[in-house]
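Please read the structure below before turning to the comments.
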Amino acid sequence: MIKQEHFASPIYIEERPDWVKKLDSLSNPYIDKARENQKENNEKKKTLGYKNDIGMTYHSNPLEPDENFRFFHDYVARKSRWCLDDMGYDMSNYSLIFTESWVQEFSFNGAGHHWFHTHGNNHISGFYFLKASDKTSRPFFQDPRVAHVPLKLKEKDNTKITNACDLVNFEVRPGTLMLFPAYMSHAYMVDHGIEPFRFIHINMRAIEKNVLSSFSMNSSNFS
């Protein structure tokens, strides 16, 4: 029989190690602030018997207003537009805006993680990894076919990526950029705190150009 593949969900990956040093340095004060904001909460946890910040993930304030990150956001916006075009969407009447951009770091004491989730009212999501190795957490993606889970059969070989898979994960490194449709549920496996794990997360939404034209918007926020 002839096999055809349909209803695919692409994940776009590119290596940009040339940005790591600059973006990691720019991210330091944001992570320092995020850690400071959680300091009181971590102290309260100690009264409950916690010895440290195990399991914490430190989430920064928004990055997109910071002009120092403009080169990164401009590039990601162009690439996100290209991805949507490549997927077959007519982008001629749409512009993309950043709805979210932040840097996040997992606890040095381990157990940082995220369970599966999506970011509503967006069209492209993405990660850029600043600190990662084969000893740190990995991004996971879940099969978006809603009918697959209740009807799923046992896989013949769960070490291979096939049409039967409902989960895939990726080993990433500093400089790895990943862009994917925002409807794809993603997660991060539990980190063991052996080496630092830090990444930037972005979300973008497509909005009709005639809607945007009625608003005054900062040009760094759309493409």
Side-chain angles (χ1 to χ4, degrees), residues 9-31 33-34 57-87 89 91 94-106 112-132 136-142 144 168-170 172-188 196-207 212 217-223:
S9 294
I11 298 174
Y12 298 90
I13 302 174
E14 180 179 335
E15 299 298 331
R16 291 303 307 251
D18 49 310
W19 293 343
V20 172
K21 185 176 180 180
K22 180 175 182 178
L23 287 174
D24 194 43
S25 178
L26 289 171
S27 298
N28 283 334
Y30 284 90
I31 292 298
K33 180 65 174 176
T57 59
Y58 294 97
H59 188 297
S60 80
N61 290 329
L63 302 179
E64 62 269 23
D66 190 336
E67 283 293 308
N68 292 311
F69 287 87
R70 168 76 82 92
F71 77 97
F72 170 75
H73 289 126
D74 284 352
Y75 183 88
V76 169
R78 291 195 300 272
K79 281 290 183 174
S80 295
R81 186 178 186 85
W82 179 89
C83 290
L84 289 166
D85 179 82
D86 181 70
M87 290 165 63
Y89 295 107
M91 297 299 293
Y94 293 90
S95 291
L96 287 177
I97 65 166
F98 279 94
T99 60
E100 294 170 304
S101 175
W102 68 87
V103 62
Q104 193 165 104
E105 186 169 81
F106 285 6
H113 68 284
H114 286 303
W115 191 237
F116 285 101
H117 64 284
T118 59
H119 299 272
N121 203 18
N122 286 287
H123 296 98
I124 288 286
S125 291
F127 312 127
Y128 180 72
F129 296 90
L130 298 170
K131 296 180 179 180
T136 59
S137 180
R138 294 185 181 190
F140 271 73
F141 294 88
Q142 192 172 40
V168 294
N169 71 84
F170 294 85
V172 295
R173 69 191 76 180
T176 299
L177 173 66
M178 305 181 75
L179 298 172
F180 51 91
Y183 64 74
M184 292 191 69
S185 183
H186 51 277
Y188 278 92
F197 187 63
R198 178 187 291 187
F199 63 97
I200 295 174
H201 195 330
I202 65 97
N203 291 302
M204 299 200 76
R205 181 191 308 159
I207 298 181
L212 281 176
M217 299 188 66
N218 187 320
S219 62
S220 66
N221 286 343
F222 63 91
S223 66

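The structure presented is a predicted model; accordingly, all values stated were derived computationally and were not measured.
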Distance-minimising heavy-atom pair for [X] and [Y]:
X: Phe116; Y: Ser185; value: CB-OG, 3.2 Å
X: Ala182; Y: Thr118; value: O-CB, 3.8 Å
X: Leu26; Y: Pro29; value: O-CD, 3.4 Å
X: Thr136; Y: Pro196; value: CG2-O, 3.5 Å
X: Tyr58; Y: Ala34; value: CD2-O, 3.8 Å
X: Met184; Y: Ser9; value: SD-CB, 3.7 Å

Side chains of [X] and [Y]: closer than 4.5 Å at any heavy-atom pair?
X: His201; Y: His59; value: no
X: Trp102; Y: Tyr30; value: no
X: Phe71; Y: Lys22; value: yes
X: Ile202; Y: Phe72; value: yes
X: Asn121; Y: Thr99; value: no
X: His113; Y: Ser137; value: no
X: Pro10; Y: Phe180; value: no
X: Met204; Y: Leu179; value: no

Nearest 0.5 angstrom please: [X] [atom1] to [Y] [atom2], how far?
X: Lys79; Y: Leu177; atom1: NZ; atom2: CG; result: 8.5 Å
X: Glu14; Y: Thr176; atom1: CD; atom2: OG1; result: 10.0 Å
X: Trp19; Y: Phe129; atom1: CH2; atom2: CZ; result: 14.0 Å
X: His123; Y: Leu84; atom1: NE2; atom2: CG; result: 8.0 Å
X: Glu105; Y: Asp24; atom1: CD; atom2: CG; result: 8.0 Å
X: Tyr128; Y: Leu23; atom1: OH; atom2: CG; result: 5.5 Å

Decide whether Gln104 and Tyr188 meet the rule of one side-chain donor and one side-chain acceptor closer than 3.5 Å.
no

Please find out if less than 6.0 Å separates the ring center of [X] from that of [Y].
X: Tyr89; Y: Tyr94; value: no
X: Phe106; Y: His114; value: yes
X: Phe127; Y: His186; value: yes

Using atom types as modelled and distance alone, determine if a side-chain donor or acceptor of Arg81 lies under 3.5 Å from a backbone N or O of Leu96.
no

Could you tell me whether a side-chain N or O of Ser80 sits under 3.5 Å from a main-chain N or O of Val76, the two making a donor and an acceptor?
yes

Check the angle between the aromatic planes of Phe199 and Phe197 and answer parallel, tilted or perpendicular using the 30° and 60° thresholds.
tilted

Full working for side chain to side chain contact (heavy atoms under 4.5 Å, CB included) between Asn203 and Ser125
CA-CA 4 Å; Asn203 291 302; Ser125 291; 2.5 Å; yes

